[in-house]
> 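Here you go, one structure.
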Amino acid sequence: MRLSNTLIPTLRDAPQDAEIESHKLMMRAGLIRKLGAGLYTFLPMGLRALRNVERIIREEMARAGAIEVLMPSLQPREIWETTGRYETLKKSMFRIRDRQDRDMVLGPTHEEVITELVSHELNSYRQLPRTFYQIQTKFRDEIRPRFGLMRAREFIMKDAYSFDLDWDCLDRSYQAMYAAYQRIFERCGLRVKIVEADTGAMGGNASHEFMVLAEAGEDGIVECESCAYAANVERGERALTPAVEEPAGAGLVDVATPNARTIEEVSKFLKLPARRLIKTLIYLADGKPVAALLAGDRDLNEIKLRKALGCTELVLADAAQVESATGAPVGFAGPIGLTIPVIADAGLQGRASLAAGANKADTHLVHVSVTRDVGAARFHDLVNAKTGDACPRCAAGKLREMRGIEVGHVFKLGTKYSEAFHAAYLDANKEKKTMIMGCYGIGVTRTLQAIIEQSHDENGIIWPAGVAPFLAAVLPLSPNETCMNTALKLEEELIRAGIDALVDDRDERPGVKFKDADLLGCPIRIVVSDRSLAEGKVELRKRSEKTSQLVPLEEAVSRVETLFS
RNA sequence: CGGGGCGUAGCGCAGACUGGUAGCGCGUUUGGUUCGGGACCAAAAGGUCGAGGGUUCAAAUCCCUCCGCCCCGACCA
């Protein structure tokens with residue numbers, strides 16, 4: 001491909017709305033352009049790389065025995081009502097009406113569609129197990145689209161669904177997908193961390209996320225320094241050092257703490273470290289107030305709290321609700337004397353000599369003993385694990401926090417969807433059984449951006465060979481016909497060898513071509529110029545390396561081939 | 001949805017407080033010189049200043065309404 005015959009609009013400066021490196025580079029290298037919030041056009045370079053990711057996925061899905069289908073994005077409301085998700089996902093779905101006033105949705109995912117299909121088409125144990133997948137555009141009305149393709153409103157996803165005979169069978173399907181995912185991300189040049197994940201609203205009982213470690217990642221991860229344990233913070237646990245009962249000590253004392261509301265202010269005022277304070281948060285669980293207790297140096301995990309309470313809706317109480325529940329303004333809530341239910345983080349069990357709000361304006365209590373003063377509370381794991389906590393799996397390990405971009409997610413779903421759609425089969429004994437499902441997603445467009453986030457330098461993108469839009473960039477440097485013709489001939493030979501090459505045939509100075517070549521990030525750069533041509537040679541350089549080598553012109557193609565064999 | 005910020009040429013920005021009819025760098029076009037890490041000289045094109053309304057002799061600038069975009073938070077398969 002000649003650069004002058006395509007559209008690769010590189011930018012010297014990144015648009016001001018691009019925040020993270022990968023987003024800036026996708027804009028600067030002319031991969032994508034924005035149409036609106038969370039809506040992007042793929043330009044030729046972006047599309048070529050995207051197709052490469054898709055190709056890798058298709059190859060690995062085929063190897064794992066999954067079957068490709070393509071389902072509609074536009075879906076009738078009814079199938080969403082079948083599973084009750086028309087209500088639960090209402091806010092995140094784009095909903096539209098057709099000319100007959102029928103309610104439709106733009107599919108945010110396809111469990112309903114595939115299960116509806118399978119319920120009609122598969123009905124014998126002889127036809128199972130089966131795994132279907134598609135690569136399809138999804139639509140989600142994200143509260144806040146951000147970071148380019150990382151969280152878009154329209155994006156491409158590979159989603160796969162397994163239909164199994166029983167739970168053992170599901171385990172095998174799950175394993176096959178898990179292994180396929182490892183291969184896919186490896187071939188994409190990504191280093192991924194596989195973590196235990198929360199199953200969220202999808203239901204099901206086991207789940208792993210494939211995370212690309214990156215500072216810009218939206219997900220928090222905790223991992224053990226010495227064993228294999230790693231989990232999304234949504235679910236990550238910590239080992240509790242056996243609850244040593246601290247002596248209760250002196251009785252409760254009121255202390256005036258004027259205007260000290262936050263943990264930081266109270267800590268400073270009482271000269272106590274945050275971990276000796278009890279943070280009391282008032283929540284409304286399905287509309288009813290409840291107090292959640294945790295140590296001052298901890299962050300509450302709402303997913304854990306919701307599970308512990310067994311409620312569906314959980315919102316932090318507003319100032320008025322806090323005041324009516326505790327009798328004190330926000331900042332002075334404490335567990336003692338509360339009439340609402342109290343639930344406490346297990347890490348507080350046995351602790352003493354703590355401080356807590358007194359449920360009275362400008363007042364805190366000191367010498368609080370959890371056992372003596374808050375004994376009636378229920379204890380559950382309610383907080384996020386953090387760096388330095390003990391590993392829940394191995395004795396010695398300490399946890400550390402990291403951030404990641406979720407590029408893949410595998411779930412054991414169970415029967416939530418197969419039951420709703422009566423996806424069942426007859427077994428060898430003519431008994432009717434419900435299929436067991438798994439589902440497996442890869443954010444394809446997000447993966448593309450994650451590759452750039454993980455593989456770039458100050459000059460631009462460094463494409464891994466498997467996904468590069470072009471494997472080689474050919475730069476005719478000298479402004480004469482010999483040089484240009486040599487470059488074009490080289491391109492032909494590369495194509496004949498099955499290597500996609502991009503020839504920078506623009507009438508530009510060397511510096512411009514070098515800068516753009518670095519920005520575009522093709523794995524191999526071939527410089528053709530009078531200087532080396534005089535000796536019958538061209539210059540080869542890997543994008544990932546600083547040094548180049550001179551090779552005879554006629555050997556150039558074979559040298560490129562060996563670099564990637 | 002709450003908080004904050006932004007919207008002026010393709011991109012990055014100044015001008016706004018203190019109203020007087022729009023500017024800089026890069027990019028683009030033409031001509032010339034140049035040619036190994038974003039060249040130089042000369043000439044030029046390109047803007048309903050996000051939209052609508054108001055105040056004023058006069059609005060990019062002041063006021064009101066709306067729209068779009070970004071960040072933090074809440075939220076979320």
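Only a predicted model underlies this, so the values are computations on that prediction, with no experimental measurement involved. Residue numbering restarts at 1 for every chain, and letters A, B, ... go by the order of the sequence lines.
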> Within the structure, does a side-chain N or O atom of Arg12(A) lie under 4.0 Å from either OP1 or OP2 of rG27(B)?
yes

> Quick one: are Met26(A) and Ile452(A) in side-chain contact, heavy atoms under 4.5 Å?
yes

> Look at all strands and tell whether Arg33(A) reaches a base, only sugar-phosphate, or nothing, counting heavy atoms closer than 4.0 Å.
nothing

> For a quick check, tell me whether the side chain of Arg28(A) and the base of rG10(B) share a donor-acceptor pair closer than 3.5 Å.
no

> How far does the C1' atom of rG15(B) sit from the matching atom of rG25(B), given to the nearest Å?
15 Å

> Is the closest side-chain heavy-atom distance between Leu300(A) and Lys279(A) below 4.5 Å?
no

> In whole angstrom, give the distance that lies between atom NZ of Lys138(A) and atom C1' of rC76(B).
16 Å

> Could I get a table of every N or O pair under 3.5 Å where one atom is in the protein and the other is in nucleotides 70-73 of chain B?
residue, atom, partner, partner atom, Å
rC71(B), OP2, Arg144(A), NH1, 3.4
rC72(B), OP2, Arg144(A), NH1, 2.9
rC72(B), OP2, Arg144(A), NH2, 2.4
rC72(B), OP2, Arg146(A), NH1, 3.3

> Looking only at the side chains, is there a donor atom on one of Gln134(A) and Asp159(A) sitting less than 3.5 Å from an acceptor on the other?
yes

> Quick one: look up who rG23(B) pairs with, Watson-Crick or G-U, both distances under 3.5 Å, and put none if it's unpaired.
rC13(B)

> Can you tell me how far P of rG31(B) sits from CG of Asp507(A), to the nearest Å?
12 Å

> Using the C1' atom as the reference point in each nucleotide, state the distance between rG38(B) and rC1(B) in Å, no decimals.
45 Å

> Please work out if Glu234(A) contacts a base, only the sugar-phosphate, or nothing of the nucleic acid, heavy-atom cut-off 4.0 Å.
nothing

> On RNA chain B, nearest-nucleotide positions of Arg153(A) versus Leu519(A): which is more 5'?
Leu519(A)

> Is the Phe94(A) ring parallel, tilted or perpendicular to the Phe139(A) ring (thresholds 30°, 60°)?
perpendicular

> Does a side-chain heavy-atom distance below 4.5 Å link His110(A) with Gln136(A)?
yes

> Considering every strand shown, what is the Watson-Crick or G-U wobble mate of rU48(B) when both distances are under 3.5 Å?
none

> Are His409(A) and Phe411(A) close enough that their ring centres sit under 6.0 Å apart?
yes

> Report the distance from atom CG of Leu7(A) to atom C1' of rG10(B), rounded to the nearest whole Å.
13 Å

> Going by atom types alone, do Tyr283(A) and Glu302(A) pair a side-chain donor with an acceptor below 3.5 Å?
yes

> Of the nucleotides rG37(B), rG36(B), rA39(B), which has the atom closest to the Leu477(A) side chain?
rG36(B)

> Suppose you measure atom P in rG50(B) against the same atom in rU61(B); what distance do you get, rounded to whole Å?
8 Å

> Report the distance from atom CZ of Arg306(A) to atom P of rC75(B), rounded to the nearest whole Å.
8 Å

> What is the pairing partner of rG31(B), taking Watson-Crick or G-U wobble pairs with both distances under 3.5 Å in any strand?
rC41(B)

> If I pick the P atom on rC72(B) and the same atom on rC17(B), what distance separates them, to the nearest angstrom?
32 Å

> Would you kindly check whether a donor in the side chain of Glu508(A) faces an acceptor in the base of rG37(B), or vice versa, at under 3.5 angstrom?
no

> Which base sits across from rC62(B) as a Watson-Crick or G-U pair, both distances under 3.5 Å?
rG54(B)

> Please determine, by modelled atom types, if Ser92(A) and Asp141(A) share a side-chain donor-acceptor pair under 3.5 angstrom.
no

> What interatomic distance, in whole Å, is found between C1' of rA43(B) and the corresponding atom of rC49(B)?
27 Å

> Using a cut-off of 4.0 Å on non-hydrogen atoms, how would the nucleic acid contact of Arg541(A) be classed: base, sugar-phosphate, or nothing?
base

> Give me the ring orientation class for Phe210(A) and Phe185(A): parallel if the planes are under 30° apart, tilted from 30 to 60°, perpendicular past 60°.
tilted

> With rounding to the closest Å, how many angstrom separate the P atoms on rA59(B) and rG54(B)?
12 Å

> Kindly say whether the aromatic ring centers of Tyr440(A) and Tyr161(A) come within a distance under 6.0 Å.
no

> Please give the distance between the C1' atoms of rA60(B) and rC13(B) as a whole number of Å.
15 Å

> Which part of the nucleic acid, if any, lies within contact of Pro479(A), taking any heavy atom under 4.0 Å across all strands shown: a base, the sugar-phosphate backbone alone, or nothing?
base

> Using atom C1' of each nucleotide, how far apart are rA16(B) and rG7(B) to the nearest Å?
14 Å

> Please determine, for rG7(B), whether a Watson-Crick or G-U wobble partner exists with both distances under 3.5 Å, and give it or none.
rC67(B)

> Nearest of rC76(B), rG38(B), rA39(B) to any side-chain atom of Arg509(A)?
rA39(B)

> Using a cut-off of 4.0 Å on non-hydrogen atoms, how would the nucleic acid contact of Met93(A) be classed: base, sugar-phosphate, or nothing?
nothing

> Could you tell me the separation between the CZ atom of Phe514(A) and the P atom of rA39(B), rounded to a whole number of Å?
12 Å

> Pick base, sugar-phosphate or nothing for Pro9(A), based on heavy-atom distances below 4.0 Å to the nucleic acid.
nothing

> Within this structure, what is the CZ-to-P distance between Arg531(A) and rC35(B), rounded to whole angstrom?
13 Å

> In Watson-Crick or G-U wobble terms, both distances under 3.5 Å, what is the partner of rG2(B)?
rC72(B)

> On RNA chain B, compare the nucleotides closest to Lys513(A) and Pro15(A); which residue's is nearer the 5' end?
Pro15(A)

> Within this structure, what is the CD-to-P distance between Glu458(A) and rG38(B), rounded to whole angstrom?
15 Å

> What is the distance, to the nearest angstrom, from the CG atom on Asp516(A) to the C1' atom on rG38(B)?
8 Å

